[in-house]
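Just so we're on the same page: letters track the sequence lines, and every chain starts at 1.
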There are 2 protein chains.
Amino acid sequence: MAALSDAIERFIKDLLTDDTRVELKRNELAQYFGCANSQINYVLATRFSVDRGYLVESRRGGSGYVRVIRISASDVELLGSLLQRIGGEIGEENAKAIILRLYELHVVDVNEARLMQAAVSAEAISLPISSKDMIRASVLKSLVVQAFKNMREGK
Amino acid sequence: MAALSDAIERFIKDLLTDDTRVELKRNELAQYFGCANSQINYVLATRFSVDRGYLVESRRGGSGYVRVIRISASDVELLGSLLQRIGGEIGEENAKAIILRLYELHVVDVNEARLMQAAVSAEAISLPISSKDMIRASVLKSLVVQAFKNMREGK
DNA sequence: GGTATAATGGTCAAAAATAGTCAGACAGGA
DNA sequence: TCCTGTCTGACTATTTTTGACCATTATACC
């Protein structure tokens, strides 16, 4: 029983498998899924952000539209833009979005992505502890647990 | 005398006899047993801990869930010993040794091991910086660079 | 050309749907 | 009695969904 948002995300991504862009009618889509129009905006905001590798353009008024564009870039550009996006500090959500992007671009596979998420999770990086080794221990514990979860899952 | 917790434990374990994982709704389960929701968390914490051979994942919000995963006895042993060895803090060399062990045991493949090493490297976990997000950014940068190295390398 | 109107899409805050945490009450055994 | 394991309730955190209201644009009509 995936959430509505998940279904809408899936729907849009399916439309993006061949093409690198789709054009939608917000209201039609909302009608199709039987939800509030703003639900579409929610999905676009949470699942098709720049960090996740998408651009969204739209226009209101008569024959308006919402256009979703999958961003493609060369490896060098991608790496540069990701590092820049990370910057000097980054929150957990944005970090996850970036990892997800690496996954969708096939830079990492699903297990690698999970490991990465484990490494940057709030759980792994719990502060008030002030020694480098303590942080590392925390990170590594998360990684070990995640590695086991991966193994159970199979690729 | 058969405490409520025991009944809930039994119930979940029965669901796990065939499969190695179950998905639950915390509230439904609490309703079914006519208890406080937090009772479920108590059971999960006390009877389905890592050292008892279980992993628990969950998600909040609409169509949230609690997932319980059973792992094999030998894996429990291994996981337990590794976590114990990591302890409250650990140096880089020892951390690497543990990752190497995971690799030799085929828990992770070579790329995954490299990611893990990147995550716990001295470079990734540079202190004097005192915010959680700054540490995370540092870790993630290392991970991203390593992921790209992996890709160039091929498996 | 200027306006009114219809057709779109956007924003934001509140509600709903979940799950987690923690301190303390309780109960039975050492 | 005191300790330990159970259990609860109040409060918190997260994610999704909805609704009321706002903004923009095309077009029909004068």
Identify each donor-acceptor pair in which a side-chain atom of residues 60-71 of chain A lies under 3.5 Å from a protein atom, sequence neighbours left out, and give them as a table.
residue, atom, partner, partner atom, Å
A/Tyr65, OH, A/Arg67, NH2, 3.3
A/Arg67, NE, A/Glu57, OE1, 3.0
A/Arg67, NH1, A/Glu23, OE2, 2.8
A/Arg67, NH2, A/Glu57, OE1, 3.1
A/Arg70, NE, A/Leu16, O, 3.4
A/Arg70, NH2, A/Leu16, O, 2.8
A/Arg70, NH2, A/Asp19, O, 2.8

Next item on the list: May I have the distance from A/Leu29 (atom CG) to D/dT18 (atom C1'), rounded to whole angstrom?
Entry: 16 Å

Check: Within the structure shown, what part of the strands sits under 4.0 Å from A/Ile40 by heavy-atom distance: base, sugar-phosphate, or nothing?
Finding: nothing

Note to self: Rounding to an integer number of Å, can you tell me how far B/Asn27 CG sits from D/dT14 C1'?
What the structure shows: 14 Å

Check: Roughly how many Å is it from CD in B/Gln39 to C1' in D/dG5, rounded to a whole number?
Finding: 11 Å

Check: Does the D/dG5 base have a donor-acceptor partner in the side chain of B/Thr46 within less than 3.5 Å?
Finding: no

Checklist line | Path from A/Leu4 to A/Leu15 over hydrophobic side-chain contacts below 4.5 Å | finding: yes

Notebook entry, point to check: DNA chain D: A/Ala36 or B/Asn37, which has the more 5' nearest nucleotide?
Noted result: B/Asn37

Check: Base, sugar-phosphate, or nothing: which does A/Ser5 touch, judged by heavy atoms less than 4.0 Å apart?
Finding: sugar-phosphate

Notebook entry, point to check: Between A/Cys35 and A/Ile8, which heavy-atom pair has the shortest distance, and what is it?
Noted result: SG-CD1, 4.3 Å

Item checked: Transitive ILVMFWY side-chain link B/Tyr54 to B/Ile40, under 4.5 Å -> yes

Next item on the list: State the CG-CZ distance between A/Asn94 and A/Arg52, to the nearest 0.5 angstrom.
Entry: 9.5 Å

Item checked: Gap separating the CD atom of A/Gln39 from the CG atom of A/Leu44, nearest 0.5 angstrom -> 10.0 Å

Check: Any side-chain N or O of B/Tyr42 under 4.0 Å from OP1/OP2 of D/dT6?
Finding: yes

Next item on the list: Sort and list the pairs that fulfil ring-ring contact (aromatic ring centres under 6.0 Å, His included) and have at least one residue in residues 10-32 of chain B, not counting sequence neighbours.
Entry: B/Phe11-B/Tyr32, B/Phe11-B/Phe33

Item checked: With sequence neighbours excluded, residues passing salt bridge (charged side-chain N to carboxylate O under 4.0 Å, His left out) with A/Arg47 -> A/Asp6, A/Glu9

Next item on the list: Describe the nucleic acid contact of B/Asn41 in one word from base, sugar-phosphate, nothing, applying a heavy-atom distance below 4.0 Å.
Entry: base

Next item on the list: Would you classify B/Arg47 as touching base, sugar-phosphate or nothing, given that sugar-phosphate means primed atoms plus P, OP1 and OP2, and contacts are heavy atoms under 4.0 Å?
Entry: sugar-phosphate

Notebook entry, point to check: To the nearest 10 degrees, how far apart in direction are the end axes of the helix from C/dG1-D/dC30 to C/dA30-D/dT1, each fit to five base pairs?
Noted result: 10°

Item checked: Joint cluster assignment, B/Phe48 & B/Leu24, ILVMFWY side-chain distance < 4.5 Å -> yes

Checklist line | Atom pair distance, as rounded to whole Å: CG in B/Leu44 and P in D/dC7 | finding: 14 Å

Check: Within the side chain of B/Ser49, is there an N or O that forms a donor-acceptor pair under 3.5 Å with the backbone of B/Thr46?
Finding: no

Check: Just the endpoints, please: which first and last nucleotides of DNA chain C, 5' to 3', lie under 4.0 Å from a heavy atom of chain B?
Finding: C/dA17 to C/dC22

Checklist line | Atom pair CG (B/Asp109) and CG (A/Asp109), whose distance is rounded to the nearest 0.5 Å | finding: 7.0 Å

Next item on the list: Mind running a 4.0 Å heavy-atom check of residues 57-65 of chain A against DNA chain C and sending the residues that fall below it, in number order?
Entry: A/Ser58, A/Arg59, A/Arg60, A/Gly61, A/Gly62, A/Ser63, A/Gly64, A/Tyr65

